[in-house]
Every structure is written in structure tokens, then in C-alpha cells.
There are 2 protein chains.
Amino acid sequence: MALEHALLVSLSERPASGLELTRRFDASIGYFWTASHQQIYRVLGRMETDGWVTCTVVAQQGRPAKKVYEVADPGRAELERWLAAPTAPDPLRSEVMVKFRGASYGDRAAVLDQARERLADHRTRLAHYDRLAERDFPEPAGLRGRELDLYLVLRGGQRLEHFWIDWLTEYLTAHEENR
Amino acid sequence: MALEHALLVSLSERPASGLELTRRFDASIGYFWTASHQQIYRVLGRMETDGWVTCTVVAQQGRPAKKVYEVADPGRAELERWLAAPTAPDPLRSEVMVKFRGASYGDRAAVLDQARERLADHRTRLAHYDRLAERDFPEPAGLRGRELDLYLVLRGGQRLEHFWIDWLTEYLTAHEENR
DNA sequence: TGGAGCATGTAAGGAGTTACATGATTGA
DNA sequence: TCAATCATGTAACTCCTTACATGCTCCA
């Protein structure tokens, strides 16, 4: 129900084509929303039909033409409406947690291996976010408005990776001690 | 793709009816997987068709009869297979984070109000998990096997609530300082 | 000429939500 | 008898994933 709104936010920051949006969702926006290119194209089409965005075909040299979308007035109005509406708690669905809870019904060693893989993965991501923070916000103290928002959401990404790293470490330590 | 497996884990711990499973997902299992009763009934039906679970109608006094499901051999085999298979990173979709990133395109005060509501909500949930931990695991040091798993997943729930509380607090503090 | 990357899609199906429906029993 | 709770479902719809399809341009 909110991919529309994630796209509206991203297009408000800067107009983009479908593929450019896909890359944003793979990179920076990916730490709080994931979406495949198929889904993005479909939703963009619907948003254009609804008049939330307008589309301009832009020719490129050395590349196929692309369709650049930008937010139109009805889209801006919808974004404002949604931002002011109450937010439901983010529903959580963690396959990892289910596996950990059920580990005793299968091969525990295999589950521990997966924990180690998740841990390595989250460390990689945290390192990536740390690089982004250093590059884009070397001095966070004076930030305000939109810049502060971007910084704080990146902080959320960092904190979330810390959560995973700390918890997976606790999990592995507890089980390694009990071998 | 994994509600099946969450149900297999829960039914392995103890056979249950659809409504009992729904209550488990509302309570203890809810901190890592959410599911509505409609979805649970539908998936239970499919799992019975596939032979993963068997179903026994149990009469009750003073209440309508219920259908109690328990895991059958093919279900146990499937659970083992799934537990050993590689785990993809949990996809993240946080409406709150999208709103925070987009706050400058709407009514910031309204977004801050929602942050306060989320904060209160996560504090309530943490208090609930803390109570569960005290009641069920007063002395975690000696835990092993299945009990240790349950405890560590509860720890994950607590840590996750801490993440939200800390981050939302940072967010609110940063924006209140900059008014 | 043929592969890699850019760019945009369609089709089919599974996962999940929302709204509605049914019937039994208890207790006020 | 009527509301509340227990208990199980159906129907319709949206959301999301997986797999496949198309065409362009550059460069080796």
C-alpha cells in the first residue's frame, strides 16, 4: 500500500526513470524499502493513469531513450495526505527468527551456519552505510530540514544493522558455549 | 513462502487449532511473524491437503468443537529441509522510515506526532517482552537446546524494540532541538 | 557479429488484506 | 432472548515475486 508513497518521496527528491528508481531502491532507499523493477514499472504506470506523476520521454546519446517521471500536483496532494495520516506499526516477518525458534527440529549446525552468513551480510551492509555517512554527512551537528531527515534515516539503517549484528553475535555465542 | 514453516514450528511445539494458532501469532510469535486468522485457516487447509499436517476434530464442553492440527512425517521432513536451506535476507518495508525521509514534503508536526505514537507503542511492547522474559526465563544462564532457542528469540524481540525506541528518540530529539 | 549493459515491459501465480458469513454456546 | 465469545470459514482484491520477452546501442 505504500510503494506508491515511497516512489512519490523519491521522485520529489529528484525526477527519475523506472530503472533509475530501481537502482535507488537497490542502494540508498533499500535500507527501508525494497522493490523489484517489475513492480516499480507497474506502479509508475498506475500512478501516471491516476495523474499523480507526469512522464516525459528523454532521448539520450549512446543509450535508449528513457521515460522520466516527476510528481504532479495530485501526487503532491496525495503525499501530503498520506504523511499526515496515522501510521500502522510496521508488520514484521523474519524468516531468520522463525528458523532460530525452530532450530531444534532440524540440523542445528546448518542453522548456525546461516546465522554466520547473515552476520557477515549485515556487517557488509553496516560498513556500506558507514561509508555513506562519512561521505555525505561528515558533520551532522549542523544539519536541518531535508538534510537532517536523510541523515536520521541513514542513522536508522545503521542502528538496524547494529541490532542484527549484536543479536546474531549473542545467538552464536550462546550456542557455541553450549556445544 | 514461510508462513507454512512458521506454522510447522508452532505446531511442532504443541498441536493446536486455527484459532489457537491465531492467538499465538498475536502474542508470542507475533514479535517475528504476523498472520491473520483468515490466512492461517487457508494455509492450514493447504498443508492438510499436502499431507504436512493431520487434523482431528476435538469436541469440547461448553464450546464448539475445534479442529486440532499436528505435524505429520512429510511436514517434519519439509521443516528439516527448510531449516537447512539457505536463508535470504529478511526484506525490510518500513512505512515509518519512508514518512521520515519524506517529512519535508508535508506537515512535519504531524509526522513528529506519529513518531511519538510509534515510540509509545514500542515501549509498551518492550515492557510486555520484559515481563515475559522475567516470568519464563528468570535464570537464563543455564538454558540449553529448545529452551535456549525460545529465550534467544525473545531477546531478539527485546533488542528490536530497543532499536526502535533508541532511534525514534534520536529522531525526536534531533527535530525538537531544531525547532 | 555477438555479447554486455541500458531500458521497459507482460504473464502467471503466490502471499496477504479486507470485508463478509455462519453457527454454536454461555451468561446476563 | 440477546449480546458476547468461540470457532471456522469464503470471496474479492491488492501486493509482490518469478520467469520470460523485447529492443536499442556500444564495443571488442
Side-chain angles (χ1 to χ4, degrees), chain A residues 1-8 15-27 29-30 32-50 53 55-69 82 87-95 98, chain B residues 1-8 15-27 29-30 32-50 52-53 55-69 78 82 87-95 98:
Chain A
M1 197 52 150
L3 175 57
E4 277 92 336
H5 301 106
L7 290 171
L8 284 175
S17 70
L19 197 61
E20 282 159 2
L21 284 166
T22 303
R23 278 197 280 258
R24 288 187 200 168
F25 276 76
D26 283 343
I29 295 180
F32 59 88
W33 204 273
T34 48
S36 62
H37 81 274
Q38 295 90 336
Q39 207 193 336
I40 288 172
Y41 281 118
R42 192 150 26 82
V43 172
L44 277 176
R46 186 169 64 218
M47 287 166 78
E48 197 191 357
T49 305
D50 294 346
V53 295
C55 172
T56 320
V57 175
V58 174
Q60 304 178 98
Q61 36 182 347
R63 289 179 185 182
K66 63 181 176 179
K67 295 162 86 171
V68 173
Y69 293 87
W82 176 75
T87 314
D90 296 321
L92 178 63
R93 290 211 168 89
S94 172
E95 206 169 321
V98 179
Chain B
M1 196 52 150
L3 174 57
E4 277 92 335
H5 301 105
L7 289 171
L8 284 174
S17 69
L19 196 61
E20 283 159 2
L21 284 167
T22 303
R23 279 196 278 257
R24 289 187 200 170
F25 277 76
D26 283 343
I29 295 180
F32 58 89
W33 204 273
T34 48
S36 61
H37 81 273
Q38 293 91 335
Q39 207 192 337
I40 288 173
Y41 281 117
R42 191 149 28 83
V43 172
L44 277 176
R46 186 169 65 219
M47 288 167 78
E48 196 191 357
T49 305
D50 294 347
W52 291 9
V53 295
C55 172
T56 320
V57 176
V58 174
Q60 303 178 97
Q61 36 181 346
R63 289 179 185 183
K66 62 182 177 179
K67 294 162 86 172
V68 173
Y69 293 87
E78 169 57 26
W82 175 76
T87 313
D90 296 321
L92 178 62
R93 291 211 166 90
S94 172
E95 207 169 318
V98 179

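As a basis for the values below, the full set of heavy atoms in this structure was taken, side chains included, without hydrogen atoms, waters or symmetry mates.
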Could you state the atom-to-atom distance from [atom1] of [X] to [atom2] of [N] in whole Å?
X       : N      : atom1 : atom2 : result
B/Met47 : D/dG9  : CE    : C1'   : 18 Å
A/Leu3  : D/dC15 : CG    : P     : 9 Å
A/Leu44 : C/dA7  : CG    : P     : 15 Å
B/Asp26 : D/dC6  : CG    : P     : 12 Å
B/Phe25 : C/dT17 : CZ    : P     : 12 Å
A/Ile40 : C/dT8  : CD1   : P     : 11 Å
A/Lys66 : D/dT25 : NZ    : C1'   : 15 Å

If you pin B/Pro91 and B/Arg42 to their nearest nucleotides in DNA chain D, which one's is more 5'?
B/Arg42
Quick one: which protein N/O atoms are closer than 3.5 Å to N/O atoms of nucleotides 26-28 of chain D? Pair and distance per line, please.
from, atom 1, to, atom 2, distance (Å)
D/dC26, OP1, A/Gly62, N, 3.2

Shortest side-chain distance from A/Gln60, nucleotide among C/dA15, D/dA7, C/dA7:
C/dA7
From C-beta outward on B/Arg46, which listed nucleotide comes closest to its side chain: C/dA15, D/dC16, C/dG16?
C/dA15
Distance-minimising heavy-atom pair for B/Gly18 and B/Tyr41
CA-CE2, 3.8 Å
Residue pair A/Glu95 / B/Thr87: nearest heavy atoms and the distance that separates them:
CB-CG2, 4.3 Å
Would a distance-only check, ignoring hydrogens and angles, find a side-chain to backbone donor-acceptor pair under 3.5 Å from B/Arg93 to A/Thr34?
yes
Excluding sequence neighbours, so at least two apart, what forms side chain to side chain donor-acceptor pair (under 3.5 Å) with A/Asp90?
B/Ser94
Using the side chain to side chain donor-acceptor pair (under 3.5 Å) criterion, which residues pair with B/Thr22? Sequence neighbours excluded.
none
Describe, as an angle rounded to 10 degrees, how the axis at the first end of the helix from C/dT1-D/dA28 to C/dA28-D/dT1 is tilted relative to the axis at the last end, five pairs per end.
0°
Give a yes/no answer on whether the side chain of [X] brings an N or O atom under 4.0 Å of OP1 or OP2 in [N].
X       : N      : answer
B/Arg93 : D/dT17 : yes
B/Lys67 : D/dG9  : yes
A/Gln39 : D/dC15 : no
A/Tyr41 : C/dG9  : no

To the nearest 0.5 Å, what is the distance between [atom1] ([X]) and [atom2] ([Y])?
X       : Y      : atom1 : atom2 : value
B/Glu78 : B/His5 : CD    : NE2   : 4.0 Å
A/Leu44 : A/Glu4 : CG    : CD    : 10.0 Å
A/Leu3  : A/Leu7 : CG    : CG    : 4.5 Å

Holding to side chain to side chain contact (heavy atoms under 4.5 Å, CB included), I want the full list of residues that pass it with [X], two or more places apart in sequence or in another chain.
X       : answer
B/Arg24 : B/Ser10, B/Arg14, B/Ala16, B/Leu21, B/Ile29
A/Asp50 : A/Arg46, A/Trp52
B/Pro89 : A/Arg118, A/Asp121, A/Arg125
B/Ser36 : B/Gln38, B/Gln39

What does the list of N/O pairs under 3.5 Å between the protein and nucleotides 19-23 of chain D look like, with a distance for each?
from, atom 1, to, atom 2, distance (Å)
D/dA19, N6, A/Gln38, NE2, 2.9

When you measure from every atom of DNA chain D, which of residues 15-22 of chain A have a heavy atom less than 4.0 Å away?
none
Listed pairs under 3.5 Å, donor-acceptor, residues 59-69 of chain A side chains, sequence neighbours left out:
from, atom 1, to, atom 2, distance (Å)
A/Gln60, NE2, A/Pro64, O, 2.6
A/Lys66, NZ, A/Glu20, OE2, 2.6

For A/Phe25, all residues meeting ring pair (Phe, Tyr, Trp, His ring centres under 6.0 Å), sequence neighbours excluded
none
